[in-house]
Amino acid sequence: MSKISKLFKGSSGPSSSSSSKHHRSRGGPSPQEAIHKLRETEEMLTKKQDYLEKRIEQEIMIAKKHGTKNKRAALQALKRKKRLEQQLTQIDGTLSTIEFQREALENSHTNTEVLKNMGFAAKAMKKVHENMDVNKIDDLMQDITEQQDVAQEISDAISRPFGETFDEDELLAELEELEQEELENNMKTMGGLPSVPSSRLPAARPSQRATTKKRAEEDDDMRRLASWAT
């Protein structure tokens, strides 16, 4: 057996097997590690895309340079351009697949964290409700309602007026009778209402009527002069 085969055989001994077992015992990578690796792969492929695009531009320039003068060199440049374009197309597809896988992994990781937090909250709520009995809560609420009713009855009893109660309408009617009686007494003490005179008032004398007519005519003349002046 050669030294090389012995070396490889020795490297697959207990130390290597123990390290592989240790690696398997750790389980698969965490979501954060996987997402990080996918991002690194995306960056690497993006850089390779830039490199291939530059190479394609160079091959186009070479093909234009040689043209019909050196057809063989021009055709070789175009062939290389085609191969580079194929690689670029493959990288585009690979990037799409990696991006889809990364987004799915991120969503799964988010959903896992959400469910974990919801479970944590559910446990906390369960712990809060451990010392609560629904039947005891119902009894407590019933006791509170009964005590509120008792308090209302006490308040009504305290605010109720003492002594006899009277009809307010009867009191108002009696007050009205007293006021009417007082009014009649006042009229009697004043001698009653004054009597209306039975005889006719004397008519105005002729001289008074003439004076009044003359005064009205003078007022009319003054109004005419005022309107003419304006």
Side-chain angles (χ1 to χ4, degrees), residues 1-60 80-159:
M1 184 179 295
S2 63
K3 294 181 179 179
I4 296 175
S5 60
K6 289 181 180 179
L7 179 63
F8 279 103
K9 184 177 180 180
S11 62
S12 61
S15 60
S16 61
S17 61
S18 61
S19 61
S20 62
K21 288 181 180 179
H22 178 67
H23 180 71
R24 285 196 299 270
S25 63
R26 290 175 55 190
S30 64
Q32 292 88 345
E33 293 175 350
I35 292 172
H36 181 68
K37 289 293 184 182
L38 290 174
R39 289 188 183 277
E40 288 182 347
T41 305
E42 284 181 296
E43 292 178 0
M44 179 188 67
L45 292 176
T46 302
K47 291 179 180 179
K48 190 170 183 179
Q49 271 185 330
D50 297 336
Y51 170 75
L52 291 175
E53 289 174 354
K54 291 178 181 179
R55 284 288 308 277
I56 290 171
E57 291 177 0
Q58 291 176 359
E59 297 299 333
I60 293 174
R80 289 192 297 271
K81 180 181 79 71
K82 289 292 184 181
R83 290 195 297 269
L84 294 172
E85 288 175 345
Q86 291 178 355
Q87 294 181 25
L88 190 62
T89 303
Q90 292 175 354
I91 291 175
D92 288 338
T94 304
L95 278 173
S96 298
T97 302
I98 291 175
E99 183 179 1
F100 175 78
Q101 187 179 14
R102 177 178 54 78
E103 290 177 353
L105 185 58
E106 288 174 347
N107 292 333
S108 299
H109 178 60
T110 302
N111 294 333
T112 302
E113 292 297 324
V114 170
L115 291 175
K116 185 188 298 182
N117 294 331
M118 290 176 66
F120 183 76
K123 291 179 180 178
M125 188 177 295
K126 184 178 180 181
K127 186 176 181 180
V128 170
H129 293 161
E130 281 180 355
N131 298 325
M132 291 186 181
D133 188 356
V134 178
N135 296 326
K136 292 181 180 179
I137 294 174
D138 292 337
D139 296 337
L140 177 61
M141 296 305 297
Q142 186 175 359
D143 291 340
I144 292 173
T145 304
E146 291 178 356
Q147 294 302 320
Q148 288 178 346
D149 294 339
V150 171
Q152 185 64 38
E153 292 178 0
I154 294 172
S155 178
D156 294 340
I158 293 173
S159 61

Between the side chains of [Y] and [X], is the shortest nitrogen-to-carboxylate-oxygen separation below 4.0 Å, so that they form an ion pair?
X: R102; Y: E106; value: yes
X: E33; Y: K37; value: no
X: E130; Y: K127; value: no

To the nearest 0.5 Å, what is the distance between [atom1] ([X]) and [atom2] ([Y])?
X: E113; Y: L115; atom1: CD; atom2: CG; answer: 9.5 Å
X: L38; Y: E99; atom1: CG; atom2: CD; answer: 11.0 Å
X: D149; Y: I154; atom1: CG; atom2: CD1; answer: 11.0 Å
X: K123; Y: M118; atom1: NZ; atom2: CE; answer: 13.5 Å
X: L88; Y: K48; atom1: CG; atom2: NZ; answer: 10.5 Å
X: L95; Y: M44; atom1: CG; atom2: CE; answer: 9.0 Å

Locate the shortest heavy-atom distance separating L105 from A34; write the atom from each residue and the value.
->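 Smallest interatomic distance, heavy atoms only, reads CD2-CB, 3.3 Å.
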Mind checking salt bridge (Lys or Arg N to Asp or Glu O under 4.0 Å) for R55 and listing every partner two or more places apart, or none if nothing turns up?
->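 Residues passing salt bridge (Lys or Arg N to Asp or Glu O under 4.0 Å) with R55: E59.
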Stepwise salt bridge (charged side-chain N to carboxylate O under 4.0 Å, His left out) test for E57 and K54 | CA-CA 5 Å; E57 291 177 0; K54 291 178 181 179; over 6 Å; no
Partners of Q101 by side-chain hydrogen bond (donor to acceptor under 3.5 Å, both in side chains), sequence neighbours excluded?
->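 By the side-chain hydrogen bond (donor to acceptor under 3.5 Å, both in side chains) rule, Q101 matches no residue at all.
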Does NZ belonging to K81 count more than 12 external heavy atoms closer than 6.0 Å?
->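 Yes, because the 6.0 Å sphere around NZ of K81 holds more than 12 heavy atoms from other groups.
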Heavy-atom side-chain proximity of Q49 to L45 below 4.5 angstrom =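 Q49 does not reach L45 side chain to side chain.
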Can you find a pair of side-chain heavy atoms, one from K136 and one from L140, that are under 4.5 Å apart?
->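 A side-chain contact is absent here, since even the closest heavy-atom pair is not under 4.5 Å.
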Exercise: do H36 and E40 side chains pair donor with acceptor under 3.5 Å |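 There is such a pair (donor and acceptor under 3.5 Å, judged by atom type) between the side chains of H36 and E40.
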Just by distance, with hydrogens left out, do Q152 and D156 show a side-chain donor and acceptor under 3.5 Å apart?
->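 Short answer, yes.
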Could you go through the side chain to side chain contact (heavy atoms under 4.5 Å, CB included) check for I35 and R39 one step at a time?
-> CA-CA 6 Å; I35 292 172; R39 289 188 183 277; 3.8 Å; yes
Under 3.5 Å, is there a donor-acceptor pair between the side chain of T112 and the main chain of S108?
->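 Looks like yes, one N/O pair under 3.5 Å.
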